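For reference, the structure is listed below as structure tokens.
All values reported here derive from a predicted model rather than from experimental measurement. Chain identifiers are assigned alphabetically (A, B, ...) following the order of the sequence lines, protein sequences preceding nucleic acid strands; residue numbering begins at 1 within each chain. FYI, side chains are in, hydrogens and waters are out, and symmetry mates aren't considered; it's all heavy atoms of this structure.
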Amino acid sequence: MFTDFDFDVISRSLPYLWQGMSFTLGLTFLSMAGGIFLGTLLALMRLSSLRVLNMPAGAYVNLLRSTPLILVIFWFYFLVPLAMKKLSGDAYAQGIGPFYSALIAFAMFEAAYYCEIIRAGVQSVPRGQVHAAYALGLSYRQAMMKVVLPQAFRNMIPILLTQGIILFQDTSLVYVVGLTDFMGAAGKVAQRDGRLVEMYLFAALVYFLLCFSASHVVKRLQARYNVGR
Amino acid sequence: MIEINNISKWYGSFQVLRNCSTRVEKGEVVVVCGPSGSGKSTLIKCVNGLEPFQKGEVLVDGISVGAPGTDLPKLRSHIGMVFQNFELFPHMSVTDNINLGQIKVLGRSREEATGKSMKLLERVGVKEQAPKYPGQLSGGQQQRVAIARALAMDPIAMLFDEPTSALDPEMINEVLDVMVKLATEGMTMMVVTHEMGFARKVAHRVIFMDEGQIIEDATKEDFFGKPRSDRAQLFLSKILHH
């Protein structure tokens, strides 16, 4: 049966697949950046002793971590336009489009996970470091920016990247709002040319190679940081 | 300079400080000693507000540390503090460690700060370590850098929280030498330590604490000379044994 395989289909559709891959990579990096930014804010809120800050952040994290990602993507895609119509009173108000709604959904969903990673990272910095920063007269903000977060992020780089690898795989879910990422592009070619096995094998191979080498990098980083301490 | 009036502090239902009162005059060196868990470190951390307290009052240069309106960062920038575990920032070079507060808090330029840092590093005898990272230095060197970092803020007083307890024996003297020099130059100092040699040499007063209370607050001569409380005597006999 293997003689029937036509692997030419891959080279023929490479430009289109590359378009899908650049979409996947773009969405991954943007969501990661947004997720880490939001996650840092959430983590600082959760670490605050003020209930008005830590309660909402805790509720947000628990809610999103108990919700399937695909549902969050749907929510944003269908509910945001509805909400905008309601809010603006304009029955023809446009949504923000599938790309931005997916990006926001991913960033907000990932933020919940990054929040917990960053919170643990901040707590891994010894209390004495915070005391030393305060004793010099640094403000909370300065102590965080100059002393705590740089050390916390250094400890967290491996696990942040691991979460990024998971995100990279999860972006394939954007097909539900009609976006074409690498997985979607491979799927479309497969359907069009009737080459399901070849295309899906190729897609799996690409995902595997990228994720495997990325996690190898993570492992090496981990080893390096462990030596430094 | 530093005035501590009747402060009490609780961790939950456990009282760590019981009505502690003392004062440190300008130019005075006060040594605080006592068994571990007696509240010495907590007391000294109340002076610059690193540890909050529930009752009483701490005044530094007339400014109340615990009062809600106090600009704590500004007050802390006037008081140098040296910690048991050095607490240098491991992700910064030695120079950057000493520059940080000068640039961020005092608003000095990088050149000005670096100039000052180098002078201080020379003073504590580790100038050649300037470009290194704290992890590459010995404990004694790290603690001397930490002293330089505190001095860079031109403090009106210095707090030392067991500065030699985490050091290997052969490194204790290099740190004590710096502290003795500082004391003889007239720096106001409050020092939590078990180094009775240091106390004998430069302290004006010695405070003995036990179970969150100040048991003795005496001049050096009285503390080491005249009869004193049983608990202080017992403590001294234990640590002066060797």
Side-chain angles (χ1 to χ4, degrees), chain A residues 36-37 40 43-44 47-54 114 117-161 218 220-229, chain B residues 41-42 44-45 47-52 65 71-92 96-107 113 133-136 142-143 145-155 157-162 166:
Chain A
I36 291 177
F37 176 75
T40 308
L44 293 180
L47 287 167
S48 162
S49 52
L50 297 174
R51 279 179 82 80
V52 286
L53 290 179
N54 69 41
Y114 282 125
I117 295 173
I118 293 163
R119 187 165 70 127
V122 167
Q123 282 173 330
S124 75
V125 177
R127 212 164 155 61
Q129 288 283 308
V130 185
H131 276 172
Y134 283 160
L136 284 173
L138 298 185
S139 63
Y140 171 80
R141 202 189 136 83
Q142 290 171 325
M144 274 293 158
M145 298 295 286
K146 291 285 161 191
V147 176
V148 178
L149 288 178
Q151 293 185 62
F153 274 106
R154 222 172 94 163
N155 296 346
M156 285 179 314
I157 285 173
I159 187 155
L160 284 178
L161 287 179
V218 170
R220 289 186 47 170
L221 277 177
Q222 233 158 359
R224 215 173 81 191
Y225 286 130
N226 283 341
V227 168
R229 249 178 287 162
Chain B
S41 293
T42 310
I44 204 174
K45 282 179 181 155
V47 173
N48 62 354
L50 287 182
E51 290 280 359
V65 175
D71 184 352
L72 262 186
K74 193 174 168 200
L75 184 141
R76 285 171 179 149
S77 71
H78 295 150
I79 313 171
M81 184 152 199
V82 175
F83 299 86
Q84 180 173 2
N85 293 314
F86 330 131
E87 304 300 353
L88 293 177
F89 307 131
H91 58 300
M92 294 181 193
D96 286 339
N97 261 280
I98 309 179
N99 282 353
L100 181 68
Q102 299 187 66
I103 294 171
K104 290 287 159 193
V105 180
L106 303 181
Y133 281 80
Q136 300 169 286
Q142 287 191 52
Q143 194 61 300
V145 171
I147 294 174
R149 179 174 71 179
L151 290 175
M153 306 297 286
D154 294 322
M158 288 279 285
L159 307 174
F160 292 84
D161 182 13
E162 306 207 30

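The shortest non-hydrogen separation linking A:L136 to B:V105 is O-CG2, 3.8 Å. Between A:S139 and B:P73, the closest heavy-atom pair is CA-CG, 4.4 Å.
Between B:K104 and A:K146 there is a side-chain heavy-atom pair separated by less than 4.5 Å. Side-chain contact between B:M81 and A:H131 is absent, with no heavy-atom pair separated by less than 4.5 Å.
Enclosure of atom CD1 in A:I159 is not indicated, since only 12 or fewer non-hydrogen atoms of other residues, nucleotides or ligands lie within 6.0 angstrom.
For the atom pair CG of B:N48 and OH of A:Y134, the computed distance is 12.5 Å after rounding to the nearest 0.5 Å.
Interface remark: B:L88 contributes backbone atoms only to the contact with chain A (heavy atom separation under 4.5 Å). In this structure, chain A has no heavy atom under 4.5 Å from any part of B:N85. Heavy atoms of B:I79 lying under 4.5 Å from chain A belong exclusively to its backbone. Within the 4.5 angstrom heavy-atom criterion, only side-chain atoms of B:F83, from C-beta onward, approach chain A. For A:Q129, the parts lying near chain B are the backbone and the side chain together; criterion is any non-hydrogen pair under 4.5 Å.
Comparing B:L106, B:L100, B:L50, B:V82 by how many heavy-atom pairs each has under 4.5 Å with chain A, the most go to B:L50. Of the listed residues (A:A132, A:A133, A:P150), the greatest number of heavy-atom pairs within a distance under 4.5 Å of chain B belongs to A:A132.
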